[in-house]
Q: 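Attaching a single structure in structure tokens format; questions to follow.
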Amino acid sequence: MKKSLFLWMTLFSLWGITACDMNEEDNVGPIVCPGAENTVMLFTVDYTTNTFLRGYSVEIFNDIDSLVLVGDYKAPGDFGSIAWETAIGDRLFFGTIIWMGKGEQTYPEGSGYPETAYSKNYKLQPQPQWAVLSADGEDKVESPDFDAIWPAISQFDMVQQGINNNPSNPLYIYLYQPSVGVGDPKDWYWVIFMHCPKSSW
């Protein structure tokens, strides 16, 4: 049975994956999205060092009055998984979880984009609102150290644009733990979801 966590906001439905005019080479940039459609940016941040890992872009096509995030958690007897989707089944994130082993993120696909691909202004901005995600059936994690995590993405221009255009919308954050049992925290990372409406660009 699907385990769900519903977060109702005045946002849009989410669907699909787009490169959003991003460069595919790790050593080029910056990433900008002028005139882009509504998107959700995913940023991954290392759990132990709070350093930026990779970024992804998921495009939104359908307008709704509220955003509904659904967490589908399958506990790892040996093999499990976690998926984050919209209420109508549009996938945002999927990763496997292995007991006494190490799973992997399989969606968004690809290696994503490095820090050097994002335009920066090198100013630490005030923190936005945060919303911590966990699906039914998961063990609760400790409260994230937002002061340590925020600097990893706060300097990106698109993050600041998204927040400035949506000051009442939080950044959603989830701790992906691909290794459990005798899990290694060095395998874990935060996944941050940020809505970027078309008016942001």
Q: Got P185 and T48 here, is their nearest side-chain heavy-atom distance under 4.5 Å?
A: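 Of all side-chain heavy-atom pairs linking T48 with P185, at least one is under 4.5 Å.
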Q: Do you know the tightest heavy-atom contact between G55 and F43?
A: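 Where G55 meets F43 most closely, the heavy atoms are CA-CD2, 4.3 Å.
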Q: Side chains of I192 and I149: closer than 4.5 Å at any heavy-atom pair?
A: yes
Q: With a 4.5 Å cut-off on side-chain heavy atoms, are W84 and Y107 touching?
A: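 Counting from C-beta outward, Y107 and W84 never come under 4.5 Å.
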Q: Testing the basics here: between W150 and L171, what is the closest heavy-atom pair and its distance to 0.1 Å?
A: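 In this case the closest contact between W150 and L171 is CZ3-CD1, 3.8 Å.
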Q: Looking at every heavy atom in both L42 and L92, which two are closest together, and how far apart are they?
A: CD2-O, 3.4 Å
Q: Step through it carefully: locate the ring centre of F93, locate the ring centre of Y56, and say whether they are under 6.0 Å apart.
A: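 No, ring centres 6.0 Å or more apart.
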Q: In this structure, would Y189 and V180 fall into the same cluster of hydrophobic residues linked by side-chain contacts under 4.5 Å?
A: yes
Q: Can you measure from CD1 (I153) to CZ (F52) and round to the nearest 0.5 angstrom?
A: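 These two atoms lie 8.5 Å from each other.
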Q: Quick one: are I98 and P178 in side-chain contact, heavy atoms under 4.5 Å?
A: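 No; the side chains remain at least 4.5 Å from each other.
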Q: Does the gap between the ring centers of Y176 and W188 come in under 6.0 Å?
A: no
Q: Does G95 offer a backbone N or O that forms a donor-acceptor pair with the side chain of T106 under 3.5 Å?
A: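 Not at all, since once roles are kept as given, no pair shorter than 3.5 Å links the two residues.
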Q: Kindly check if the number of other-residue, nucleotide or ligand heavy atoms within 6.0 Å of CG (D139) is above 12?
A: no
Q: How far apart are the C-alpha atoms of I82 and Q177, what are their side-chain angles, what is the distance that settles it, and do they pass the side chain to side chain contact (heavy atoms under 4.5 Å, CB included) test?
A: CA-CA 9 Å; I82 178 66; Q177 303 173 72; over 6 Å; no
Q: If you measure from OG on S179 to NZ on K186, what distance do you get to the nearest 0.5 Å?
A: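 Interatomic distance, S179 OG to K186 NZ, rounded to 0.5 Å: 12.0 Å.
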Q: Do E115 and R54 sit within salt-bridge range, that is, some charged N less than 4.0 Å from a carboxylate O?
A: no
Q: Can you name the nearest heavy-atom pair linking P76 to W99, along with the distance?
A: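 Minimum heavy-atom separation between P76 and W99: O-CE3, 3.7 Å.
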Q: To the nearest 0.5 angstrom, please state how far the CG atom of L53 sits from the OG atom of S111.
A: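 Between atom CG of L53 and atom OG of S111 there are 12.0 Å.
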Q: Shortest non-hydrogen contact from D157 to S119?
A: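 Between these two residues, the closest heavy atoms are OD2-OG, 2.5 Å.
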Q: Applying side chain to side chain contact (heavy atoms under 4.5 Å, CB included) to L133 and F193, what does each step give before you reach the verdict?
A: CA-CA 10 Å; L133 298 172; F193 302 82; 3.8 Å; yes
Q: Using side-chain heavy atoms (C-beta onward) and a distance below 4.5 Å, is V159 in contact with M194?
A: yes
Q: What distance separates W190 CH2 from L175 CG, expressed to the nearest 0.5 Å?
A: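 The CH2 atom of W190 sits 4.5 Å away from the CG atom of L175.
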Q: Atom CG in D72, atom CZ in R91: separation rounded to 0.5 Å?
A: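 Separation between the atoms: 7.5 Å.
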Q: Do Y118 and M41 have side chains that approach each other closer than 4.5 Å (heavy atoms only, starting at C-beta)?
A: yes
Q: If we only count heavy atoms from C-beta on, is the Y47 to D187 side-chain gap below 4.5 Å?
A: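 Not in contact.
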Q: Does either side chain, that of E138 or that of Y174, offer a donor lying less than 3.5 Å from an acceptor on the other one?
A: yes
Q: Please give me the minimum heavy-atom distance between T44 and Q105, naming the atom from each residue.
A: CG2-OE1, 4.3 Å
Q: Please report the interatomic distance CG(D46) to OG1(T51), rounded to the nearest 0.5 Å.
A: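 Rounded to the nearest 0.5 Å, the CG-OG1 separation comes to 4.5 Å.
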